[in-house]
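Step one of this worksheet: look at the structure below.
Ligands are counted one by one from 1 in listed order, and the atoms in each one are counted from 1 as well.
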Amino acid sequence: MAKKENAVRVLFASFEVDPFFKSGGLGDVAGSLPGYISTDSFDIRVIMPKLAQIPDEYKKKMRFLCSFEVKLAWRRLYCGLFHMRRGGLDLYFIDNEFYFARQQAYGEADDGERMAFFSKALLESALHIDGFSPDIIHCNDWHTAMAPVFLREQYMKCRKLKNAKTVFTIHNLKFQGIYNEFLLPDVLGLSDTPAERQLRSAGDSINYMQAAVRYSDVITTVSPSYAGEICTPYYGEGLDWLFRERRGVLRGILNGIDYKLYDPKNDPALPACYDADSIAKRTANKKALCAELGFSYDPKIPLIVMISRLTEQKGLDLLKAILPRLMEEKLQLAVLGVGDRAYEDAFRGCAAAHPEKMAAVIKFDPALSRLFYGGADMLLVPSRFEPCGLTQMMAMRYGALPIVRETGGLKDSVVPYNKYTGEGTGFSFANYDAGELFDCIKTAVKTYSNKKAWKQLQTNAMTTDLSWRSSARAYRRLYRELLK
Ligand code: ADP
């Protein structure tokens, strides 16, 4: 798309970008949102590390642009910049084999140094992209958190960057980049600067995300409810005081899902494709899913699934607590997920004791997840906290009704069933309480037996706009506001 002369220029930085590298929701968002933001009035370019994990088919398509030096305290480091055009977007890849050609993308002993390098290198890259001076630098999660700090402390004399505004988006508040203070002089080179005070946190530690929240012009997170919640101690992960302080520039913009990738009308993983006008075709998918899980198919018995990382955040303690009671109900339950051993064992144990009612599929399998969305009747998401959550949206798009706890993005995306008006796109409960989850499932199961009400709910869910369209509009509005 030809960009207008006065287009808003955005550099969108993320450590993960699907399909190059993804370990969770961040990769999904960075892989799809920029494409929806891009118009002839918005020139948005994406930058990520050239990770060893990127498949060769993509590496082959990258073109070397230039190389330059990046300074990190006393270090003088090589940085290569590669480029690719894909889906109408310009994508840039930061090359440094020492930092990015690792066995695993995360969890290295020097992650603090690697992310500092990425943050610095993305600013340096902006200086080396011909004809592109970013008006906005949009950083995502702690991996990029040092960029707004370096920008203000070290780049204010650069013509290309001195007027750039910064947006910092929090997808996951659990990981903040907390390190020992020795990184201040040795890696960041920021001792005895104003940044030192903004970085220092408890004891002798420093916190990258804390500094980003202080230095960025706007902070966003991925749902309006979560933006409010992180200002409270229960959800704030130790930074609630800071979010309260920065409330004036804190926004919540709900994520969307990629309608091209997640489309029940055109999904090769489904035996039968369908849309909101042909919901009955889902039966073939449910039959296939039951066969896969070793269940007998019975249209009167609802099939409830969960597709999730198996970690405490996802409300698995609640589900574990009510498993014995659920096994006495007329329903089938299947979990697709990998994660903490204790949960894997609990679900496997229950499945072994009740093979006709419970299945535990302990693996990460995107194709199978689509059969789950397209064949199941309900999807459980009883999370303790959920910044946005994508599975409930995918389920709605595929006509499986979500059963969620009213928190974060779950609250913002699922309208609870109102039996008097027939309104709703799912079922919800308020408190982190196993009894409430059980009652909510019972209500959903009871509603399932009312075929007319159920079909209405499925139609409501499938016709809800969960695409990136309105979120992309909100980001464009935000960029424009920042430049006023
Ligand atoms: P989070 O990012 O906290 O893990 P989200 O709901 O935002 O949770 O995103 C989860 C994504 O990962 C969804 O696309 C979901 O379908 C996918 N997913 C989770 N577990 C599995 C699994 N075992 N197999 C396939 N896909 C999975």
Side-chain angles (χ1 to χ4, degrees), residues 14-19 21-33 105-106 140-143 169-175 221-223 225-226 229 235 237 252-264 267 269-270 289 292-293 305-316 319 334-341 343-344 347-348 351 359-376 379-398 400 402-405 407-414 426 466 468 471:
S14 173
F15 198 81
E16 300 187 12
V17 180
D18 191 49
F21 171 70
K22 158 184 157 177
S23 80
L26 171 64
D28 283 319
V29 173
S32 48
L33 174 61
Y106 298 120
N140 291 277
D141 271 355
W142 81 272
H143 328 108
T169 298
I170 298 168
H171 302 258
N172 192 338
L173 188 50
K174 269 253 174 253
F175 301 99
T221 185
V222 287
S223 68
S225 287
Y226 192 62
E229 287 170 355
Y235 292 100
E237 299 290 341
I253 300 176
L254 193 69
N255 282 340
I257 54 172
D258 194 324
Y259 266 31
K260 284 178 231 121
L261 279 178
Y262 291 94
D263 180 4
D267 188 332
L270 298 181
L289 182 54
E292 173 78 32
L293 299 170
V305 300
M306 186 158 185
I307 303 166
S308 181
R309 287 185 290 125
L310 302 181
T311 71
E312 190 260 349
Q313 174 202 337
K314 299 292 180 179
L316 297 160
L319 180 60
V335 175
L336 172 63
V338 280
D340 295 355
R341 190 64 195 267
Y343 297 124
E344 293 183 357
F347 296 134
R348 275 201 188 106
V361 187
I362 306 299
K363 61 179 172 180
F364 190 89
D365 187 336
L368 184 58
S369 78
R370 287 156 181 276
L371 183 60
F372 269 61
Y373 291 123
L379 174 105
L380 291 178
V381 202
S383 304
R384 192 169 66 73
F385 69 92
E386 196 60 78
C388 177
L390 297 174
T391 60
Q392 81 282 7
M393 297 199 212
M394 291 163 181
M396 282 192 269
R397 173 100 166 117
Y398 280 69
I403 297 173
V404 305
R405 187 166 98 80
T407 185
L410 300 173
K411 188 174 168 184
D412 294 339
S413 57
V414 178
L466 303 161
W468 276 111
S471 332

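- Between Ser223 and Gly409, the closest heavy-atom pair is OG-N, 3.2 Å.
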Could you pull out the N/O contacts under 3.5 angstrom between ligand 1 and the surrounding protein atoms?
residue  : atom   : partner : partner atom : Å
ligand 1 : 2 (O)  : Gly25   : N            : 3.2
ligand 1 : 3 (O)  : Arg309  : NH2          : 2.7
ligand 1 : 3 (O)  : Lys314  : NZ           : 2.9
ligand 1 : 4 (O)  : Arg309  : NE           : 2.7
ligand 1 : 6 (O)  : Leu390  : N            : 2.9
ligand 1 : 6 (O)  : Thr391  : N            : 3.4
ligand 1 : 7 (O)  : Leu390  : N            : 3.4
ligand 1 : 8 (O)  : Lys314  : NZ           : 3.2
ligand 1 : 16 (O) : Tyr373  : OH           : 2.8
ligand 1 : 23 (N) : Lys363  : O            : 2.9
ligand 1 : 24 (N) : Asp365  : N            : 2.9

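- For an aromatic pair to be called close, the ring centres must be under 6.0 Å apart, and Tyr106 with Phe175 fails this.
- Partners of Asp267 under the salt bridge (charged side-chain N to carboxylate O under 4.0 Å, His left out) rule, at least two apart in sequence or in another chain, are Arg370.
- Taking each heavy atom of Leu289 and Ala376 in turn, the nearest pair found is CD2-N, 3.9 Å.
- Asp258 and Ser32 get closest at one heavy-atom pair: OD2-CB, 3.5 Å.
- A cation-pi contact, defined as under 6.0 Å to the ring centre and within 45° of the axis, links Arg397 to Tyr259.
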